[in-house]
Structures are given as C-alpha cells and as structure tokens.
Amino acid sequence: MAATEDHSTTDAPRSAYYVTTPIYYVNDRPHLGHAYTTVAGDVLTRWHRQRGENVWYLTGTDEHGQKIMRTAEANGVTPQEWCDKLVEEAWKPLWQHLDIANDDFIRTTQQRHTDRVQEFVQDLHDKGEIYKGGYSGPYCVGCEEYKLPNELLPGATEDEKLCPIHKRPVEWLEEENYFFRLSAYGPKLLEFYAANPDFIAPATARNEVLRFVEQGLQDLSISRSTFNWGVPLPWDEKHVLYVWVDALQNYITAAGYGADPERFAELWPASVHLVGKDILRFHAVIWPAMLMAAGLPLPKRVVANGWLMVGGEKMSKSNLTGIAPTDLTSHFGVDAYRYYFLRAIPFGTDGSFSWEDFTARYTSELANDFGNLASRVAAMVGKYYGGTLPAATAAGAAEQAVVDGLAKAAAEADRKIGEELDFAGGIAAVFDFVKLVNGYLTEQEPWKVAKTAFGEGGSAAGSEEGQARLATILYTAAEALRATAVLLNPVMPATSAKLWDSLGAEESLGALADQTIATVADWGRLPAGATVTKGDILFPRLEEKPAS
RNA sequence: GGGGCGGUAGCUCAGCCGGUUAGAGCAGGGGACUCAUAAUCCCUUGGUCGUGGGUUCGAGUCCCACCCGCCCUACCA
C-alpha cells in the first residue's frame, strides 16, 4: 500500500522502529535491485510489527537533478510530468504488487519536503556551515562532475589529464557554488564510527567508509546554477541545491522535521537506513555530517546491501539486461519472489541468481518441503477426522522434539531477521523446522497408526491407544504449521494467510497479522476442534519456463 | 592511480581467535515409505580449499608476491 496515512496521536508517543529505503531516482522504471531493497525493508518492518512494536516504514522517490530534467526534455514533457507519470504508473503500482506495506511514500518534489529542505539549509547557512566559493577544476563531461587533480591519469601530452573512469581528457571549468564544510567533520565522523561500531554494516561496507574518511574529506559543493530543476537556495535563488543534499533530507522531512515536533521525536533518529552499497557514502558520511552540523541525532544504523548479479553482471537501469520484477512474479508468484532473493543471497553481499536457481529453490523448498507439508497434514486431518482437529492426549518424546525445535527456530529467526538483518539465516531456521516436521511425520507414520486406530484390515475393531496416538501426531503437525504461518508471514504474507485459513486458526486466534513473535512458540495455541480444510495448493508446480 | 571485497564439492555458499578423517543445501546415485503437490524420510558419490613461496610441531585459516573476478572513487538498490 503506497498511501499516506494520518498519524494518530491519541497514544502517548513511543519511540518507533523507523526503517527507510533509499528514495529511488525516478529517471526510469524500477528494476530488480530497487525491489530487492524494498522487499527487505518490508520483511524487516513486518517482522517488527509482529513483535508488537511501533513501526514506521518509509520509501519514496528522488525527483530532482539534471538527469531527470534531460530525460523529461528528451520525452517532450516537463520534469514534473515525467516524475508524476513514473511514480503513478510504475513505482507505486510495483510496490503494491509486491505487497509492500510502507506507511508513507515521500516525493522530493512535494512541498512538505521542499519547504523543510529550504529551512534546513538556511539554518546551516545561518550557522556558518555553508559558504560561497568559486570552484574551478578539472571537469569530466562524461561524469558531469569535477574531478580531484590527484585522481587524474596522465594523458597523451604533458598537459593532458584523463578522467580515471572515462579515460578521456578533462576540461578546466570555473563555476560559483556554495559549499558545505564537510572537511571539518572527518575527525568527528571517525570518532562516531569508533564509538558506534554497528553504525555501518556489513563489515566490508564499514571498512570502505573508514578508509575513505581517513584519507580526508573535501568540502562538498552543494549548489548548481547551470540548471534549475531542484530546490532553490532560499538566500540565492539563482542556485538549486545539489540533488543529494535535497534527497537525503527526505528521511527527516517525512518524519515531521520542522512541522510536527511530537511526531519527529517519536520517529527520529531512524532505526535503519537501508541502502545499496553504491550510495553508502552519502548515507554514512555526508548525511551524518549534515545532521551533526544541524545539531540533530544521527540514525542508528546504515545497512548496505549488495548487488544482484545476473550471469556475473549487475542489474541496473543502464544495463537493462532487463528482467523486470513482474517477469519473475508472473511465473513464480509474488510470495516466492519475496522469499527467493532474501533466502538465496546473504544480505549485504553481492549475489548471483538465475532462473534455474529460482526454479530449483521453488520446487525443493517451497513446493516440496513447505507446501507439501501443509498439504499432507490437512489431507490427513480431513481423511481421519473429517476436518476437525483432534486433541493431543498422548504426547511423548517425539512431540517434545517438535516443541523444542519450534522454540529454537523462533528464537533464531527473531534474532537473525529482527536484529541482524540476516534474512537468509532467519528463513533457513524456519525451514529447518519445516524439515524437522516432515521427518517427524515420516517416523510416526500416522497412516499406519490410523489402521490400528480404526481397525482397518485387522481383526480388532480398533484401539483407543492408536486413536490417541493418531490424534496426537496430527495435532502436533497442525500446531507446528500454525507457528510456521506466523513466522513466515513477514516474508510471504499471502501464502501464510492461505495456510492460516486452511488451519481454521482465525476463528480462535484472530488475524494472522496480530500473532506475535513473543508467543509464536507457546505450544498448544491452536485449539482442538479447529476446522482444517485442504484449501489451495500453496505452491503449485511450475509450468515450463516461458520461451525467452 | 587510490581504496574495499572475493576466488572452498557440478551449482550456491558455511568454515570465529591456525589444531584430530574440510562442512551444509541443491543437483547426481541407491534404498525405505505411500498421508501428501511422483511429494517425504534414510544412506551415498563428489573437493591437491586460485597460484607460488614463507612462518609454524601443525595453515582453507597468519605473512609476502602473483593471477583472476567484482565493487567504490563524491547524482545507478
């Protein structure tokens, strides 16, 4: 749901678990990488909601800058029209399609943002953190930016220098800009990183930032006067703000900075900024320095995720080897999509994925292990008890092993997903439990117990002992599924809802989303007598891969 | 050029401060079972840990060099 909600102030403000995605540059349509980060944030926030915490999940779009202006021109529309169209026709619909439960969607062209941004930079200007300076230096047309003299490569002649990225000659340009005194914050940042070792994750990202800041920071040019698609500087309207300075502030403007102090106190500082590793510096260096300059608290964590690689190449909008998210969801389904990338790739590292790997995991993990478990349990409760869940009256060591397995899985998933953002590890913990339950059923052989219980094929008319065992086995399996539905709900909400429904759990336990992580491992929550129905197959076998 | 990271079974990856026969999942092979989406469960084949040196009683694990790949280098998650 990409909708803005009114924030209720009836309760006393309590500190929120506030998670942000980057605001995405709307130069083009969303790709797999954007979806990856946004789904991760969604799973993280859904998990914390099920902990019963006060959660706020923000995403949005970054709409200023020269690149967007040019793209709009090339398409014969105004920049605002271009952004409006993409946001409404591409970005918001995709988040809705992927079941993203964001609480707000900020666009940097909204007045609630631009007004606050102007106040923020005016404040920095008043404090002497911003100064006017002429800038002259080597400029690379390819990069559209100034380079540092010492990073240039020698060219063909004595005077010629080359851009290290584009390997082409740079030009000497002069421009009048405003600068933020970023250089003054290097030592303070290093001090902060040292005092807050978890501020930047994973460790590789942290190392990269530390080495960079240790090399010394330069003041940051924060204005542009060569184009006008941006937020004007309040004291000099010939200049617009450098797009990143504008963009970063979305995290506070959306949280009520300068507009709603009570709400701002509740949300800020953010708990987690999720970012792609490419924009780590903005979030781990420039943004904290700006906040320090403004006298605001710093976010608690900046967590960088890696790239999705397809055949060794990164997914990006400039490299449209183009698998759109919907190409995958139309084949595998939305829940499998949400599951796959988080399960298959350790968060924070680059990960290669393939259609084949997705197919293999879908079949093995989702259809065979998980979907089939739900199917076989519901089928047996239907076959032996007419769909009414029996009570467990003869639990023993085997059942205790399932109870213990659940407690372990729940604790591990909570720690890994909720605290460490190790989605792959957390999901694996839940699926280990699914495997354990499959093994339990195979060992207990309820289909054989049923024969003695109901006297089928034997001389006896059935045994009470057998009936007690059968009831216990099926109850244990169903109760295990109840917990699995809760634990997987943040990852696969639609499928978990189907399972919840098939277990007849809502009648006695209420809505799935209201089930808490704290009580998920309390054994025996699903009451005997619940109506268990077979329902739809959770993960149907896949069709052949469509011709590409 | 500067900086960060990786190279371990066919594939995707674990292997913390160096210590007995290098692990998991999937794929491959064999068996059991039949409640279930021909699903499940058990067993199993498979690796000179990128290369070359070094330190050490002992190195995938530390040091050096090199090769290969990826990323950042100040507007692609």
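Side chains are part of it too, since the values below use all heavy atoms of this structure and drop only hydrogens, waters and symmetry mates. Chain letters run A, B, ... following the sequence lines, proteins first, then strands; residues in each count from 1.
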field: Nearest listed nucleotide, side chain of A:D369, among B:U40, B:A74, B:C76
entry: B:U40
message: From CD1 of A:I200 over to C1' of B:C72, roughly how many Å is that when rounded to an integer?
response: 14 Å
Taking only N/O atoms, report every protein-nucleotides 15-17 of chain B pair under 3.5 Å with atom names and distance.
none

- request: Check for a donor-acceptor pair, side chain of A:T349 on one end and backbone N or O of A:P346 on the other, with a separation under 3.5 Å.
  value: yes
message: What's A:V243 touching, base or sugar-phosphate or nothing? Going by heavy atoms closer than 4.0 Å.
response: base
query: Between A:R107 and A:E63, does at least one N-O distance fall below 4.0 Å, as a salt bridge requires?
result: yes
Please produce a list of atom pairs where a protein N or O lies less than 3.5 Å from an N or O of nucleotides 34-38 of chain B.
unit_1 : atom_1 : unit_2 : atom_2 : d
B:C35  : O2     : A:R376 : NE     : 3.1
B:C35  : N3     : A:R376 : NE     : 3.4
B:C35  : N3     : A:R376 : NH2    : 2.6
B:C35  : N4     : A:R376 : NH2    : 3.2
B:A36  : O3'    : A:S375 : OG     : 3.4
B:A36  : O2'    : A:N372 : OD1    : 2.4
B:A36  : O2'    : A:S375 : OG     : 3.2
B:A36  : N3     : A:N372 : ND2    : 3.1
B:A36  : N3     : A:R376 : NE     : 3.3
B:U37  : OP1    : A:K534 : NZ     : 2.9
B:U37  : O2'    : A:R541 : NE     : 3.3
B:U37  : O2'    : A:R541 : NH2    : 3.4
B:U37  : O2     : A:F539 : O      : 3.3
B:U37  : N3     : A:F539 : O      : 2.8
B:U37  : O4     : A:G371 : O      : 3.3
B:U37  : O4     : A:F539 : N      : 3.2

message: Pairing donors with acceptors under 3.5 angstrom, does anything connect the side chains of A:H97 and A:T329?
response: yes
field: For B:G1, the Watson-Crick or wobble counterpart (both distances under 3.5 Å)
entry: B:U73
task: Calculate the interatomic distance between A:I427 atom CD1 and B:U12 atom C1'; express it in whole Å.
output: 15 Å
Between the protein and nucleotides 2-10 of chain B, which nitrogen or oxygen pairs are less than 3.5 angstrom apart?
unit_1 : atom_1 : unit_2 : atom_2 : d
B:G4   : O2'    : A:T204 : O      : 3.3
B:C5   : OP1    : A:N207 : ND2    : 2.9

Partner nucleotide, any strand, of B:U51 [Watson-Crick/G-U, under 3.5 Å]: B:A65
query: Rounded to whole angstrom units, what separation is found between the CD atom of A:E443 and the C1' atom of B:A32?
result: 13 Å
- prompt: Looking only at atom P, what distance separates B:C62 and B:U20, rounded to whole Å?
  reply: 16 Å
query: In the structure shown, which nucleotide is the Watson-Crick or G-U wobble counterpart of B:A59, with both distances under 3.5 Å?
result: none
message: In whole Å, I'd like the distance from the CZ atom of A:F358 to the C1' atom of B:C11.
response: 17 Å
query: Centres of the A:Y340 and A:Y362 rings: under 6.0 Å?
result: no
- prompt: Can you tell me how far C1' of B:G28 sits from CD of A:E356, to the nearest Å?
  reply: 17 Å
Distance in angstrom units between A:Q218 CD and B:U73 P, rounded: 15 Å
message: Using Watson-Crick or G-U wobble geometry with both distances under 3.5 Å, which nucleotide pairs with B:G23?
response: B:C13
query: Given atom CD of A:E365 and atom P of B:U40, what is their separation to the nearest angstrom?
result: 11 Å
message: Output the rounded distance in Å from CD (A:E412) to P (B:A14).
response: 16 Å
field: A:K92 to A:F105 six-membered ring, cation-pi geometry met (6.0 Å, 45°)
entry: yes
